There are 2 protein chains.
Amino acid sequence: MFKTYNKSRLSLQKGDIMSAKRKQIISAAHQLFVDKGFALTSIQDILDKAGIAKGTFYNYFESKNQCLKAILESISEQVEQERREIAIGKEMSDEEVFIEQVTVRIKMNRQHHLLTVFETVSFSEDSELKLFMEEQHRAELQWIGSRFNDLYPDKAQDYTLDYAVIFTGITHHLILTWKLGSSQELDIEKVIRYALNSVKSLSNNQSYIIDPFLPVSWLDGDDNSKEVDITSVIKRLEELNEQLTKQKGTSKQKELTQFFIAELQKTTPRAFLLEGVIMSTKKAFHQTRFEHEVKQITEKIWKIIQ
Amino acid sequence: MFKTYNKSRLSLQKGDIMSAKRKQIISAAHQLFVDKGFALTSIQDILDKAGIAKGTFYNYFESKNQCLKAILESISEQVEQERREIAIGKEMSDEEVFIEQVTVRIKMNRQHHLLTVFETVSFSEDSELKLFMEEQHRAELQWIGSRFNDLYPDKAQDYTLDYAVIFTGITHHLILTWKLGSSQELDIEKVIRYALNSVKSLSNNQSYIIDPFLPVSWLDGDDNSKEVDITSVIKRLEELNEQLTKQKGTSKQKELTQFFIAELQKTTPRAFLLEGVIMSTKKAFHQTRFEHEVKQITEKIWKIIQ
DNA sequence: CAATTAATGGACTCTGGGTATAAAATATTC
DNA sequence: GAATATTTTATACCCAGAGTCCATTAATTG
């Protein structure tokens with residue numbers, strides 16, 4: 001029952017030293033997630049395996065989701081680290097280096113049975129976790145794109161992002177499909193070579209595709225910040241209001257809900273009003289059936305008013 | 001006598017007339033899943049929206065997952081239907097027809113906000129649902145492959161499956177990435193054309209790729225039935241045993257667990273023995289913390305002994 | 001009408017995430 | 001090494017939500 005996590009951790013944290021306990025928990029949780037899957041692993045399982053008390057767990061992670069996030073983070077760091085090491089003293093234009101580097105992440109994810117970030121972007125309804133995963137996806141695409149530029153500086157150019165997407169798309173889908181049809185071990189390197197060749201072939205034969213689909217700057221974030229769909233928010237508010245009526249909603253809750261509906265329907269909702277009311281709304285729904293829903297809605301409203 | 005689970009009632013086949021109630025439930029659930037997401041929609045929500053009682057719900061679906069499955073099934077049927085209609089009186093070799101047909105599914109999935117089957121193959125830990133989704137994925141790939149054969153009978157050939165995978169991979173990943181970078185409506189048709197052009201370009205330029213990656217027969221199922229990894233099963237059994245020791249496991253339970261471990265470690269586990277014990281094992285764990293885990297394990301053992 | 005079948009609604013169980021907290025164990029500081 | 005601060009533990013508890021049960025009430029139908 002004593003933790004024996006070998007696997008000499010190379011994941012050095014930026015500044016903070018991960019406490020041994022934290023590592024211990026992560027290691028246990030990680031193993032369980034791999035074995036049984038995230039959803040089927042209960043906190044209790046983690047506690048048992050790590051040999052700790054519940055309180056301790058919540059000392060280090062504020063939720064199961066956050067714990068998963070921590071694991072994913074640590075994996076990502078490992079990946080970065082290894083990729084850096086691979087590149088040491090090598091030419092960045094060397095295809096073999098690239099292939100090896102890409103392999104790292106895929107192997108890591110498969111060995112961990114944690115589906116690739118790309119594989120699961122939307123598997124969670126936890127908005128923070130989701131954002132995190134989207135960010136991971138974005139980062140990976142950008143990395144691949146930049147590597148393409150290293151490899152084929154003349155060919156890639158405006159098409160880098162396109163190629164990155166095509167490359168990951170092919171890779172990912174080949175792996176997925178392989179799993180569908182066989183239990184045999186898949187040679188990841190072969191997949192990557194295949195995908196890379198496809199992209200090269202495309203780049204040599206652009207007669208079919210005239211314009212890049214995605215501008216290279218696509219992922220630069222900045223402010224293509226997703227706009228929130230106001231009407232959908234209103235819809236949810238109305239739904240909420242309806243439920244409040246049916247059930248034992250307090251009059252204050254209904255009042256707040258209706259206020260939001262009314263205000264959002266105006267051509268120019270007054271931001272300062274909304275902003276002021278969001279806080280008290282959250283409070284009014286604290287510890288009720290609707291807390292989560294309200295949290296989500298207010299988050300969106302928050303985004304709307306910026 | 002009132003039967004809670006009447007199989008013939010629960011699994012209506014295509015031919016059956018879906019009762020109005022069932023439709024009503026599906027429609028409500030569907031809408032909610034779209035609005036709030038699957039995980040965040042509670043059964044209660046569905047009941048409220050559909051205006052029915054809990055009992056009724058469980059008369060028609062044996063679980064929330066099964067309800068989702070029903071929705072997905074109905075969508076798939078719609079897709080098939082529409083695709084058939086599109087093709088009526090048209091040439092199967094017409095690219096435009098193909099494009100329109102493909103669009104159907106994607107639009108359907110996006111309009112429903114239910115991630116494409118391909119997008120979510122592994123989002124659930126419910127093994128039946130998972131199998132169902134895998135099956136969907138398989139079917140879609142096969143369909144696309146066969147359509148490629150219609151379109152490019154001379155080019156496709158041994159590469160059909162490869163191309164199908166590449167095509168869906170590109171399509172899916174483009175959509176995914178688009179969502180990452182912008183909230184603007186994406187022109188699905190444009191995506192499909194882009195992916196199709198990519199595949200065409202590849203097929204015109206096979207110098208890079210000599211052999212198809214996936215044999216066309218890959219998905220024919222039959223007997224590339226996944227083998228179950230015995231060692232992983234043993235691992236889980238040991239884990240279970242450990243937990244039983246720590247907690248209030250009955251001696252019978254431990255006995256059974258240890259029997260499995262011992263038997264599976266033999267070079268040739270005796271199938272008839274295992275088979276016989278599985279049933280009583282399930283019983284021994286009925287209504288315990290470990291029921292689910294045991295169910296999973298025995299399922300795997302079942303597969304091992306065929 | 002009588003018998004069957006469907007629908008209701010509420011009470012109930014169980015699991016699992018998360019909180020709270022007092023007491024015990026460790027660490028830290030002087 | 002005592003005094004203080006911090007972690008850890010253990011345990012009891014809250015709550016939501018899935019799923020079950022069942023007695024009662026419609027609704028169908030032969």
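Note that the structure is predicted; figures quoted are calculated from it, not measured. Proteins get letters first, then strands, A, B, ... in listed order; numbering begins at 1 in each.
Between I43(A) and G55(A), the residue whose closest nucleotide on DNA chain C is further toward the 5' end is I43(A). Both G51(B) and F57(A) sit near DNA chain C, but only G51(B) has its closest nucleotide nearer the 5' end.
In the set dA6(C), dG16(C), dG19(D), the nucleotide with an atom closest to the side chain of N59(B) is dA6(C). Set against dT8(C), dG10(C), dT19(C), the side chain of K54(A) has dT19(C) as its closest nucleotide. With dA7(C), dG19(D), dT9(D) as the candidates, the nucleotide lying closest to the side chain of A53(A) is dT9(D).
At least one side-chain nitrogen or oxygen of T56(B) sits closer than 4.0 Å to the OP1 or OP2 atom of dT8(C). Distances shorter than 4.0 Å separate some side-chain N or O of Y60(B) from OP1 or OP2 on dA7(C). At dG17(C), one or more side-chain N or O atoms of K64(A) fall inside 4.0 Å of OP1 or OP2 (strictly under the cut-off).
With rounding to whole Å, R22(B) atom CZ is found 15 Å from dA6(C) atom C1'. The OH-P distance, from Y58(B) to dT8(C), rounds to 15 Å in whole Å. If you measure from atom CD1 of I25(B) to atom P of dA7(C), you get 8 Å, rounded to the nearest angstrom. The distance between atom CD of Q24(A) and atom P of dT7(D), rounded to the nearest whole Å, is 16 Å.
Exactly one of E140(B), Q136(B), E135(B), Q81(B) qualifies for a side chain to side chain donor-acceptor pair (under 3.5 Å) with S76(B). That residue is Q136(B). Tested against F260(A) for a side-chain contact (heavy atoms from CB on, under 4.5 Å), the candidates L237(A), V233(A), I234(A) yield a single pass: L237(A).
Stacking of K23(A) on the aromatic ring of Y60(A) is not recorded, the 6.0 Å distance cut-off and the 45° axial limit not both being met. No cation-pi contact links K69(A) to F61(A), judged by a cut-off of 6.0 Å to the six-membered ring centre and 45° from its axis.
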